[in-house]
Protein chains: 2
Amino acid sequence: MNLARRPTIHDVAERAGVSKSLVSLVLRGAPNVSDRRRAAVAQAVTDLGYRPNAVARSLVEQRTRTVGVLVSNLHNPFFAEVVDGLQEQATELGYRVLLGSGNGLSVREEETVEALLELRVEGLVMLNPVLDAWVVDDASRSVPVVVVGRHDLRLLRVDTVSSDDARGTALAVEHLIGLGHRHIAHIAAGRVAAADPRRQGYEAAMRRAGLGAQIRVSSGDYTTDEGGYEGMTKLLAERPRPTAVLAHNDLAAVGAMGALDDAGLRVPDDVSLVGYDNSYLAGVRHLSLTSVSQPRLEMGHLALTAVHERIDNSDGPARNDVLEPVLVVRATTAPPH
Amino acid sequence: MNLARRPTIHDVAERAGVSKSLVSLVLRGAPNVSDRRRAAVAQAVTDLGYRPNAVARSLVEQRTRTVGVLVSNLHNPFFAEVVDGLQEQATELGYRVLLGSGNGLSVREEETVEALLELRVEGLVMLNPVLDAWVVDDASRSVPVVVVGRHDLRLLRVDTVSSDDARGTALAVEHLIGLGHRHIAHIAAGRVAAADPRRQGYEAAMRRAGLGAQIRVSSGDYTTDEGGYEGMTKLLAERPRPTAVLAHNDLAAVGAMGALDDAGLRVPDDVSLVGYDNSYLAGVRHLSLTSVSQPRLEMGHLALTAVHERIDNSDGPARNDVLEPVLVVRATTAPPH
DNA sequence: GCAGTTGAATGGAACGCTCCAATCCGGTCC
DNA sequence: GGACCGGATTGGAGCGTTCCATTCAACTGC
């Protein structure tokens, strides 16, 4: 396409019969410009269909007013709302948001980070990244970095925003205990970052209630539908059978629901079920899953605010914000039979 | 942050004891550079942690090697896989992908398009945009535009990629008829772009099978869980009661499933159910919804290829690629009772 | 009527890079 | 040994902006 032939500020200036400097002033709304000139420039701009070149502007201003966001995996239902929060706050603070995806692959994430840095984003937000810590550290050397949703990354210079996963599972356990359950099991995930705190929160809450002996964890890589099914199947083989199950996330919970179906057990009459993430899956009325909600919108807000503050003032120790999760009770939890 | 203090090609040149031109040559892998110099430059680059400035490069090269992608709404499960396809093909063809979201709001979409154009993307892909046609037309004046998933936008200069929605619902109807169903109803959506062809495909297939008299459409804005529930409730009040229902999308189908539950009817024993989109919701084993799948990955490939071809050669009439949907049969369809 | 003041408008340098034209240098050939 | 060659290297212009320093024009006050 004729990228080259697009009108420049020069063309506008010529058509309006003024200097390019004046056009620049008008475009940026400077005060001391006569109405006559202002109108002439505005006219020329619409006549030519002129659109300022952000590339040139960024070069000379030495800033891009852009924050890069690395989304590890667009399929992860967790991220969309976080991005909404980021966007909202970015608009508020005068930044543009550039999304890059990593397809869940560490290599692709690295490439994306590199690309964003070459584009000279002024800050970088990483959502649930799977890449190595050294990449984060390296990036944080040239630009403020905020990591959302990973507990294991505690680096100097890198702020983090996450929700208290241990607290989340504890909330779920307390809810179930309050309903009268004692045999509460957990379907845990393996690799993923959130797995450990969620499991630990479950175990701690059980011990606090004097139920340390009833702790049952079906572990493996149970973050999928299929995984939840398998995890539940294993649990159903044990005696005494759990009367309530807390899954690592909603998808696993729905898989567990399938296993209960197949075993002829009803939810919540025979077994209560709790998910995690409060994804739209949980809200679907046919499933109506009790789930732990992370304040996603707020996490986005907070992450962007953190980046913004670092851009203005890069000093100060790393902040690690931890937000409180909320339990959303729906139809899959009830007192035990 | 000290954006300004980041090393430039000049710093690298100085440290390596060569000219900036030579550094540029090395960085772009030019052939006629002595090994000694090449090594010296490489050393200086790593010493300084130099990263080329894509902004400056784009300005002088008069191209950004970037394609902008407007995602109307990140929550729409349809788009993630399309973006995967876009990304894949972009990497293949040497482009970078910049995602911008519009939050489902027409105004925000316009802003995003404007921002992407100011960033001088070389092409624009719009996924299920909700914005007005004139915005698309206007954008297409300065950059090649490809629209994915909207049937109503047929503009000169604008290529489209979509899947044949009428064919999709027809596939579903044919499947149900093959199972022996005659009373097949449709839960349609109102506003959204895909609503009309899906309904028409249903009606046409019914007529082709001599079942024109059995056509039942519960229409409204039934694209949500809740909407599917209402639509199904209305259908259940009619006599004869349909033995099979085809919903506008998976979410509506799951809502319908809830209504059937509440009415004490079983799926698929009493009523067969078909969704649309084959989202991961449909694949969840507890739901296991028969659904119509759009070739999302391929749509992404095709869209990016189209943009690429327009960038190289902007002429030729607009292409409107229509891909074949595929019916994925799962557990919610069976012969009528 | 002229220095001084103020508001409006402009020219040119600079941002970090690419790329063209020019230069440099060590051989080769006759 | 001087002309010529070709690969290696370099200086400088230019990409489309912003912004500083300067100029210009029109007043003001005495």
Side-chain angles (χ1 to χ4, degrees), chain A residues 2-42 44-45 48-66 115 117-122 142, chain B residues 2-42 44-45 48-66 115 117-122 142:
Chain A
N2 39 9
L3 200 82
R5 216 179 299 159
R6 291 209 258 182
T8 74
I9 201 171
H10 251 106
D11 302 323
V12 175
E14 195 171 346
R15 182 172 243 268
V18 299
S19 71
K20 61 176 182 17
S21 304
L22 186 68
V23 175
S24 178
L25 290 173
V26 171
L27 289 173
R28 285 170 299 127
N32 292 336
V33 176
S34 67
D35 289 347
R36 196 169 57 88
R37 306 290 209 182
R38 197 183 293 279
V41 170
V45 165
L48 297 173
Y50 169 76
R51 210 179 320 255
N53 184 331
V55 175
R57 191 208 301 267
S58 298
L59 182 62
V60 66
E61 280 191 330
Q62 292 286 85
R63 60 174 310 184
T64 53
R65 295 173 193 283
T66 298
L117 289 176
E118 289 190 2
L119 287 169
R120 293 300 188 261
V121 294
E122 296 183 23
S142 46
Chain B
N2 38 10
L3 198 83
R5 217 179 299 160
R6 291 207 260 182
T8 74
I9 200 172
H10 252 106
D11 302 322
V12 176
E14 195 170 347
R15 182 171 240 269
V18 299
S19 71
K20 62 175 182 21
S21 304
L22 211 243
V23 176
S24 177
L25 290 173
V26 171
L27 288 172
R28 285 170 300 126
N32 291 336
V33 177
S34 68
D35 289 348
R36 195 167 58 88
R37 307 289 208 184
R38 194 181 296 277
V41 169
V45 165
L48 297 173
Y50 170 75
R51 211 179 319 257
N53 185 330
V55 174
R57 194 208 299 267
S58 297
L59 182 61
V60 66
E61 279 191 328
Q62 292 286 83
R63 60 174 310 182
T64 54
R65 293 172 194 283
T66 298
L117 289 177
E118 289 190 2
L119 288 169
R120 293 300 188 261
V121 295
E122 297 183 23
S142 47

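Protein chains get the first letters and strands the later ones, always in sequence-line order, with residue 1 at the start of each.
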Selected nucleotide, minimal atom distance to [X] side chain, candidates [options]:
X: A:Tyr50; options: D:dT17, C:dG16, D:dG12; value: D:dT17
X: B:Ile9; options: D:dT10, C:dA8, C:dT18; value: C:dT18
X: B:Glu61; options: D:dT10, D:dT17, C:dC19; value: C:dC19

Establish, with yes or no, whether the OP1 or OP2 oxygen of [N] is under 4.0 angstrom from a side-chain nitrogen or oxygen of [X].
X: A:Arg38; N: C:dA8; result: no
X: B:Asn32; N: D:dA8; result: yes
X: A:Thr8; N: D:dC15; result: no
X: B:Ser58; N: D:dC15; result: no
X: B:Gln62; N: D:dG16; result: yes
X: A:Arg28; N: D:dT18; result: yes
X: A:Ser24; N: D:dT18; result: yes

Decide if atom CD of A:Glu14 counts as having more than 12 heavy atoms of other residues, nucleotides or ligands within a radius under 6.0 Å.
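Counting neighbours around CD of A:Glu14, 12 or fewer heavy atoms of other residues, nucleotides or ligands fall under 6.0 Å, so no.
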Regarding A:Val55, tell me which of base, sugar-phosphate or nothing describes its non-hydrogen contacts under 4.0 Å with the strands shown.
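Result for A:Val55 = nothing.
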Between [N] atom [atom2] and [X] atom [atom1], what is the distance in whole Å?
X: B:Asn53; N: C:dA14; atom1: CG; atom2: C1'; value: 14 Å
X: A:Arg36; N: D:dA25; atom1: CZ; atom2: P; value: 13 Å
X: A:Leu22; N: D:dT23; atom1: CG; atom2: C1'; value: 15 Å
X: B:Leu59; N: D:dA13; atom1: CG; atom2: C1'; value: 13 Å
X: B:Leu27; N: C:dT18; atom1: CG; atom2: P; value: 7 Å
X: A:Asp35; N: C:dA8; atom1: CG; atom2: P; value: 9 Å
X: A:Arg6; N: D:dT17; atom1: CZ; atom2: P; value: 11 Å
X: A:Leu25; N: C:dA9; atom1: CG; atom2: P; value: 9 Å

I want to confirm an ordering. Mapping B:Arg37 and B:Val60 to their closest nucleotides on DNA chain D, which one lands closer to the 5' end?
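Upstream on the strand: B:Arg37.
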To the nearest 0.5 Å, what is the distance between [atom1] ([X]) and [atom2] ([Y])?
X: B:Arg63; Y: B:Glu122; atom1: CZ; atom2: CD; result: 4.0 Å
X: A:Arg38; Y: A:Leu22; atom1: CZ; atom2: CG; result: 8.5 Å
X: B:His10; Y: B:Ser19; atom1: NE2; atom2: OG; result: 9.0 Å
X: B:Arg57; Y: A:Leu59; atom1: CZ; atom2: CG; result: 13.0 Å

Tell me, do A:Val41 and A:Val18 make a side-chain contact under 4.5 Å, heavy atoms counted?
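A:Val41 vs A:Val18: side chains touch.
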Find out whether A:Ser58 and A:Arg120 are in side-chain contact, i.e. whether some heavy atom of one side chain is under 4.5 Å from a heavy atom of the other.
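They are not in side-chain contact.
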When A:Lys20 is tested against each of A:Thr8, A:Ile9, A:Leu25 for side chain to side chain contact (heavy atoms under 4.5 Å, CB included), which residue passes?
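Testing A:Lys20 for a side chain to side chain contact (heavy atoms under 4.5 Å, CB included) against A:Thr8, A:Ile9, A:Leu25 leaves exactly one candidate, A:Ile9.
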With nearest nucleotides of DNA chain C determined for B:Ser21 and B:Ala56 from heavy-atom distances, which residue corresponds to the more 5′ nucleotide?
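The residue mapped nearer the 5' terminus is B:Ala56.
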Check DNA chain C against residues 10-20 of chain B and give the residues with a non-hydrogen atom under 4.0 Å, in numerical order.
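Those residues are B:Lys20.
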